[in-house]
Amino acid sequence: MDDEHSTPVVEMVDIVKAFPGVRALDSVSFSVKQGEIHALLGKNGAGKSTLMHVLTGLYTPDSGTIRIRGEIHENLNTAKAKQAGIALVAQHAKFVPGLSIAENVYSGMLPLRWGGFVDWKKMYRDAQEKLGQFDIDIDVSRLMEDTTVAERQMIEIARALFADASVIILDEPTAPLPKHDVAKLFEFVRRQRARGASFIYISHYLEEIFEVADHVTVMRNGVVAGVSPVKDITQPELIRLISGANVERYKRESGKIGNPVLSINGLNRPGAYTDVQLTLNAGEVVGLTGLEGSGPGELARGLFGLEPLGSGSVMLNDAPYIDGSPISSLKQGLAYLPRDRHGLGIVAIRSVRDNVSLSVLDRLEQSLGLIDSAKEKRLVSDFINVLGIKTPSMETAVENLSGGNQQKVVVAKLAATEPKVLILDEPTQGVDVQAKVELLRIVDQLSQRGVAVAVVSDELSELMDICDRIVVFYRGRIIREFRKNREPITTALLLAAIEGETLETTNASV
Amino acid sequence: MQASKHIPTLLDHLIWVILVGVFIFFVFQSPVFLTSTNITNIFTAAAVLGILVVGQTFVLISGNFDLSSESTLGVCALFGMYLIVPATPPYWGGGVLINPYLSIAVIIITGSLFGYINGLLITVGKMNNFIVTLAMLLILRGLMMAFTQGKPISGLNFPPAEIYFWLGHESLFEIPDLIKIPVGVVATGLIFIIGHIVLNHRRFGRELYAIGGNKQAAIASGIDADKRVRQAYIISGGLAALAGWMLAGRVGSIQVNLGDGYIFTVMAAAVIGGISLQGGRGTMLGALGGVLLLSTIDRGLNLMSVSVFWVKVIQGLIIMFAMFIDAQRVRYRKPQAKAAAVAASPTNPT
C-alpha cells in the first residue's frame with residue numbers, strides 16, 4: 001500500500017450505543033484507510049452489525065464522533081450517510097429483477113431526451129461503457145434476474161463507485177456464492193482497491209480474510225478485541241480474538257459403525273444426479289461434498305421430498321423407502337436440516353417451544369386430542385439444556401436468537417422426531433465459531449446414539465474433522481469416496497476430487 | 001428507556017384498556033348506556049359478529065383471508081328458512097316444509113361445503129385466497145338474489161319456525177327488566193372457549209400458527225399445510241352458517257342483503273384484537289376483545305343518536321386505527337425483544 005493512500009476515509013472514535021439492558025457498543029473506535037480492505041470480524045451479537053448501523057446512519061450513537069473523509073458528521077441519518085459516500089452492499093443486492101442491467105444501473109437517473117422520454121440508446125451505451133471502466137464485461141441489455149449473485153454484487157459495487165463512495169461495506173458477500181464466483185468477486189474487489197476504493201469486509205469465513213483483507217478489526221461483546229494488519233496475525237490468533245478463548249476445532253473420534261440404515265442403489269434424476277450408490281450406516285457420519293449443483297444438495301432435498309427423488313432403489317431399514325413429501329420422510333425416520341434456515345428451518349415469529357415441538361405434536365397428544373403441555377415443556381427444556389440453546393425462555397420468539405441458537409432450535413426439532421437417518425445441509429452456514437463447534441458436537445452425539453448422519457457441506461476442514469467417510473460428487477456422479485480409517489484425507493486430495501479428478505487420472509498423472 | 005420496555009406488552013393488551021376507556025366514555029355520554037337492557041344488547045350484537053370472527057381467526061392465522069363469510073351467512077340463513085316455511089305469501093319459502101332441526105343441519109353442512117370449496121380452490125387450484133373468497137362473496141350474494149328474486153323469506157307467525165329462531169331469539173334465563181341471558185350469547189361464549197382450546201392446545205391449531213408464520217418451514221417440518229388450510233376454511237364456512245342461523249332468529253324475516261358489509265367489521269374486530277393479517281400471530285382472547293370493543297362502540301354511537309353517515313366514517317377510522325396499532329406492534333416488538341434476548345443470553349465463557 002502506498003503512503004499517499006494511508007489517510008483514513010472513515011474514522012469512528014469512542015462510539016457508544018446502548019439498548020435497554022445491553023451496551024451494544026462500548027467506546028468503540030474503528031477506522032478505514034483509503035485504498036484498503038478492512039475486515040470486521042466477531043461473533044453474532046459482538047456488535048459489528050450495530051457499528052455498521054451507526055455508520056450507515058440507521059442508529060444514532062449515544063456518544064462518539066464519526067469522521068468521513070476528514071469531515072465530522074453529527075446527527076448522521078441514512079440519507080446523510082449515503083451522501084457522505086457510505087455504501088452498503090448486502091448479500092442479496094437490491095435490484096429490480098425484471099429490468100435490464102442498464103436500467104438498474106441508472107435507476108433514478110435515467111438519461112432523458114426532449115419531451116421526457118428515456119434515451120434508451122444513450123443509456124445502454126453509457127452503462128456498457130461505465131461498467132467497462134470497472135472491468136465488468138457484461139451485456140447490459142440482459143435482465144437483472146438472469147445474472148448470477150456474484151455479478152449482481154459486482155454491479156452494485158460499481159454503482160456505489162460511480163456515486164463516488166468513500167467506503168463500501170460488504171456484508172458477508174460470499175455466503176450465497178459458489179466457490180468459483182468467490183474467486184471472481186475477490187479479484188474484482190482487489191482491482192478496485194488498487195484504484196483507491198476502500199472496503200469494510202464482514203465475513204464468518206476466516207480463510208477469506210487472509211485471502212483478501214489488508215487489515216482486521218475484531219469485536220467481542222461490544223468492544224474492540226483487537227486490531228492488526230492481516231500479515232501480522234495467524235488464524236488461531238484470530239479465532240482466539242473472536243471467541244475470547246482458545247477454541248479447538250471439534251475433532252470427532254470414530255465410533256462404532258453399525259448396520260446399514262439407508263441404501264441407495266442406482267438412483268437417477270436427470271439434471272441432478274446419475275447412478276448414485278450410497279449406503280449410510282448407523283452411528284456413522286458421512287460427508288457429501290462437491291461443487292455447487294453437482295449433486296449432494298439435490299440428493300438431500302430429493303430424499304426429503306422437497307424435490308423429486310428420481311428413479312432407482314432406495315431402502316430404509318430393509319423396507320422400500322416411500323418418497324415424495326417431508327411428511328412421509330419424517331414418518332419413516334428420515335429428517336433433514338435445510339440449508340435455508342430462514343426459509344425452511346425456523347418459524348421465526350413463533351416461540352422456541354412451538355418450533356421444537358412442531359414435528360412431534362402427534363406424539364404429545366393425549367385424550368381429546370389435546371397437547372400434553374407438561375410433557376411438551378419437559379421435552380423442550382430437555383433439548384434447551386442438552387443442546388445448550390441460549391434463550392431467555394422457551395416462549396421467546398426464535399427470530400430474537402442468534403444464528404447459531406436458531407440452528408440449534410432446528411436441530412432440536414429434528415432430534416425430537418428420533419430419526420434413524422439425519423441429513424444436514426450446510427449445518428454451520430452463517431453461525432459463529434463457537435456455535436459451529438457446539439453444533440458439530442451435537443452431530444457427534446446423535447451419531448453415537450446410532451443415528452446414520454450425512455452432512456452436505458463444502459467446508460472441507462469441518463468434514464475432515466467429523467466424518468468417517470467423505471463422498472465427493474462431480475457433475476451428478478459420485479467420483480471418489482474417502483475413508484478415514486483407510487487413508488489420510490487431505491484438503492488437497494478432496495479439492496482435486498471436487499474439481500473432477502478421478503482416482504485413475506490422479507494415478508496416471510503421478 | 002424504562003417506559004419503552006413496556007410498550008410491546010401494552011400494545012398486546014391495549015384492546016382491554018381501550019375497551020374500558022370507551023365503556024366509561026359512553027356511560028357518561030348516555031344515561032341508558034349502563035342499563036341491563038343495553039348491556040344485553042351489546043352482547044347480543046357481539047354474538048353474531050363473534051362467531052364470524054372465530055372462524056375468520058382460524059383462516060387469518062393460517063395466513064389466508066376469508067372474505068366470503070358474510071355471504072355464506074346470508075345464503076345459509078336464507079336457505080334454512082326457505083326449507084321450513086310454505087311457498088305462499090307472506091312466507092315466500094320453498095314449500096318443502098322439512099323439519100327445522102334437519103334444516104339447521106343442512107345449512108351447517110352447506111356452509112362448511114362452501115368453505116371446503118374455497119379451500120380446494122386455494123390449496124389444490126393454487127389460486128390467490130383473497131381473490132377466490134372475494135369471488136365467492138359475489139357468487140353467493142348473487143345466487144341469493146337470483147334465488148329469491150329479491151323477495152324476503154319470512155318465518156314470522158309460522159309456528160314450526162320457532163325452533164329455527166331459538167338460537168337467536170330465546171333466553172336461557174330471564175328476570176324481566178333485570179337480567180337476561182340470551183342463548184346466542186352463551187353459545188358464542190362457548191365457541192370462543194372451544195376456539196381458544198383448538199388453537200392453543202390441539203395439534204391443528206398449533207400447526208396453523210406454524211403455517212401462517214412460515215409455510216415452507218411448516219411443510220419441511222412434516223405438516224400437511226394444504227389440508228390444514230382447507231380445514232380452517234371449512235371451520236370458517238361452518239361457523240358462518242351458524243352465525244346465519246343465529247341472525248335469522250334475531251330478525252325473523254330474511255332480506256337478500258342479510259349480512260351485507262359485515263366482513264369489514266369482522267376484519268376490523270380481528271385486527272383490533274391483535275390477529276396479524278400476515279398470519280401466524282394472534283389469540284382468541286384478543287379477537288374477543290376486538291368483537292366487544294366494536295359492539296360497544298356501535299351501540300354507544302347508536303344511543304348518542306350519531307347520524308348513520310358519521311357512524312360509517314367512525315368505523316372507517318377505527319379500522320385505520322387498528323392498522324396503525326398493528327404497525328406499531330411490528331415496529332416495537334423486534335428491536336426490543338432482540339435487545340432483551342441479547343441481554344439475557346449469557347455471553348461466551350472466557
Side-chain angles (χ1 to χ4, degrees), chain A residues 18-22 24 43 45-46 220-221 243-245 304-306 325-331 335-336 338 340-350 354-355 357-362 364-365 368-371 373 390-393 396-397 399-402 405 410 413-414 417 432 434, chain B residues 1-8 61 63 194 197-228 276 278-282 329-330 332-350:
Chain A
F19 294 108
V22 61
K43 297 200 294 187
R220 190 171 72 234
N221 296 340
S243 62
F304 193 57
L306 294 172
S325 82
I327 301 169
S328 81
S329 300
L330 283 168
K331 218 170 258 167
Y336 167 77
D340 179 4
R341 183 167 67 235
H342 292 277
L344 291 174
I346 55 171
V347 183
I349 61 172
R350 303 302 303 175
D354 282 7
N355 273 274
S357 62
L358 193 54
S359 294
V360 291
L361 289 172
D362 55 336
L364 296 169
E365 279 174 341
L368 292 171
L370 300 181
I371 305 286
S373 73
K390 281 170 197 139
T391 173
S393 90
T396 306
E399 65 189 349
N400 297 318
L401 305 185
S402 70
N405 284 304
V410 183
K413 175 178 77 180
L414 300 176
T417 67
D432 61 57
Q434 189 97 39
Chain B
M1 270 308 187
Q2 277 308 307
S4 68
K5 216 163 82 179
H6 300 294
I7 288 179
I61 286 196
I194 295 168
I197 292 171
V198 169
L199 209 45
N200 290 285
H201 299 287
R202 284 190 63 113
R203 187 175 160 201
F204 167 70
R206 299 283 297 274
E207 295 190 350
L208 225 46
Y209 274 116
I211 293 163
N214 182 350
K215 190 175 165 197
Q216 295 312 317
I219 292 170
S221 301
I223 291 173
D224 192 341
D226 284 350
K227 182 172 128 195
R228 293 307 189 204
S276 163
Q278 271 86 49
R281 256 202 264 263
R329 272 195 203 102
V330 174
Y332 278 99
R333 187 178 274 117
K334 275 201 168 166
Q336 296 289 330
K338 181 134 201 165
V342 170
S345 71
T347 36
N348 59 312
T350 23

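Side chains are part of it too, since the values below use all heavy atoms of this structure and drop only hydrogens, waters and symmetry mates. Order of the sequence lines fixes the chain letters, A, B, ..., with proteins taken first and strands second; residue numbering starts at 1 for each chain.
Heavy atoms of A:Asp362 lying under 4.5 Å from chain B belong to its backbone as well as its side chain. There is no contact between A:Ser329 and chain B, counting heavy-atom distances below 4.5 Å. Both the backbone and the side chain of A:Leu370 come within less than 4.5 Å of a heavy atom in chain B. Neither the backbone nor the side chain of A:Tyr336 comes within less than 4.5 Å of any heavy atom of chain B. Using a 4.5 Å cut-off between heavy atoms, A:Leu368 contacts chain B through its backbone alone, with no side-chain atom that close.
The salt bridge (Lys or Arg N to Asp or Glu O under 4.0 Å) check on B:Arg202 picks up nothing, with sequence neighbours excluded.
Rounding to the nearest 0.5 Å places CG of A:Asn405 at 12.0 Å from CG of A:Asn400. Distance check: B:Ile61 CD1 to B:Leu208 CG gives 7.0 Å after rounding to the nearest 0.5 Å.
Of the residues considered (B:Gly213, B:Ser221, B:Ser276), B:Ser221 shows the highest number of contacts with chain A, using heavy-atom pairs under 4.5 Å. Most heavy-atom pairs under 4.5 Å with chain A: of the set B:Arg203, B:Glu207, B:Gln216, this distinction falls to B:Arg203.
For the pair A:Ser359 and A:Leu414, the minimum side-chain heavy-atom distance is 4.5 Å or more.
The nearest pair of heavy atoms linking B:Ile223 to B:Ala210 is CD1-CB, 4.2 Å.
Judged by distance alone, with hydrogens and angles left aside, the side-chain atoms of B:Asn214 form a donor-acceptor pair with the main-chain N or O of A:Gly343 at under 3.5 Å.
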